[in-house]
Amino acid sequence: MDTNFYEQVYEIVRLIPKGRVTSYGAIAKSLGAAKSSRMVGHAMLYSGLSHPKVPAHRVVNSSGLLTGKFHFEDPNAMQELLEKEGIEVKNDKVVNFKKVFWDPLEEII
DNA sequence: GCATTGACAAGTG
DNA sequence: GCACTTGCCAATG
């Protein structure tokens with residue numbers, strides 16, 4: 001695979017520090033494809049097949065909701081992982097999303 | 001090659 | 001704040 005859009009997404013997600021989360025829109029924007037936020041989601045689907053696997057559990061939608069937790073091998077583990085990293089998750093949603101939100105642009109700089 | 005679907009986002013009512 | 005609609009692009013049948 002050449003430098004595809006997915007590779008870029010994987011790089012960003014892998015750069016997400018522990019105890020932090022980001023949104024699809026933020027990643028898409030960082031890649032200059034804010035309109036193609038959906039592609040980020042597709043990339044996440046392939047993340048399970050990609051190597052190394054990316055911490056997709058740190059990627060949530062613009063509302064901080066764990067939309068794709070059911071796509072994990074263990075959806076329940078996703079929330080556990082986030083809580084383990086210090087992220088408060090309530091009702092499949094990141095509580096202090098604003099505080100744990102991590103902007104990929106900060107790392108791309 | 002066309003139609004449908006999808007881990008989304010932003011705008012409108 | 002929630003529900004509905006539009007845009008955007010790729011994968012699948």
Side-chain angles (χ1 to χ4, degrees):
Chain A
M1 298 301 230
D2 305 322
T3 33
N4 291 342
F5 182 81
Y6 302 102
E7 286 287 314
Q8 299 282 339
V9 177
Y10 299 147
E11 267 195 81
I12 301 294
V13 179
R14 275 187 231 142
L15 288 170
I16 300 176
K18 178 183 159 191
R20 296 274 169 143
V21 294
T22 189
S23 60
Y24 299 95
I27 297 172
K29 219 180 245 192
S30 305
L31 303 178
K35 301 174 178 185
S36 309
S37 49
R38 280 180 130 146
M39 304 296 85
V40 182
H42 268 276
M44 298 283 87
L45 284 167
Y46 278 68
S47 70
L49 306 173
S50 87
H51 294 267
K53 298 178 185 175
V54 300
H57 61 271
R58 288 181 189 153
V59 185
V60 295
N61 70 350
S62 57
S63 304
L65 194 70
L66 310 182
T67 45
K69 77 165 193 175
F70 295 107
H71 293 262
F72 277 79
E73 300 175 14
D74 287 314
N76 210 19
M78 182 176 182
Q79 189 164 328
E80 292 275 304
L81 284 165
L82 291 172
E83 290 187 325
K84 227 177 217 184
E85 304 205 339
I87 300 173
E88 288 186 68
V89 180
K90 198 90 172 177
N91 218 1
D92 303 331
K93 181 186 91 175
V94 180
V95 180
N96 42 2
F97 175 60
K98 246 182 120 182
K99 297 197 172 191
V100 299
F101 179 74
W102 174 79
D103 197 337
L105 292 166
E106 299 262 311
E107 282 294 315
I108 287 179
I109 290 170

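Numbers restart at 1 for each chain; the letters A, B, ... are given by sequence-line order, proteins then strands.
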Phosphate OP1/OP2 of [N] contacted by [X] side-chain N/O (<4.0 Å):
X	N	answer
A:Ser62	B:dA9	yes
A:Ser37	B:dA10	no
A:Tyr6	C:dC9	no

So, A:Glu85 and A:Arg20, do they make that salt bridge, N to O below 4.0 Å?
no
Whole Å only: how far is the [atom1] atom of [X] from the [atom2] atom of [N]?
X	N	atom1	atom2	result
A:Lys93	C:dG1	NZ	C1'	11 Å
A:Leu49	C:dT12	CG	P	10 Å
A:Asn61	B:dA10	CG	C1'	13 Å
A:Tyr46	C:dA10	OH	C1'	8 Å
A:Leu65	C:dG1	CG	C1'	15 Å
A:Leu81	B:dA7	CG	P	20 Å
A:Met44	B:dC8	CE	C1'	12 Å
A:Arg38	C:dA10	CZ	P	13 Å

What is the nucleic acid contact for A:Ala43, judged by heavy atoms within less than 4.0 Å: base, sugar-phosphate only, or nothing?
nothing
Using a heavy-atom cut-off of under 4.0 Å over every strand shown, decide if A:Phe70 touches base, sugar-phosphate, or nothing.
nothing
Looking at every non-hydrogen atom in both residues, tell me the closest pair between A:Pro104 and A:Ala26 and how far apart they are.
CG-O, 3.7 Å
Exam field: side chain A:Tyr6 to backbone A:Ser47, donor-acceptor pair closer than 3.5 Å:
no
Can you tell if the side chain of A:Thr22 reaches within under 4.5 Å of the side chain of A:Asp103, non-hydrogen atoms only?
no
What's the closest nucleotide to the side chain of A:His42 if the choices are C:dC9, B:dA7, B:dG6?
B:dG6
Other ILVMFWY residues reachable from A:Val100 by side-chain steps of under 4.5 Å
A:Val21, A:Val60, A:Leu66, A:Phe72, A:Met78, A:Leu82, A:Ile87, A:Val89, A:Val94, A:Phe97, A:Phe101
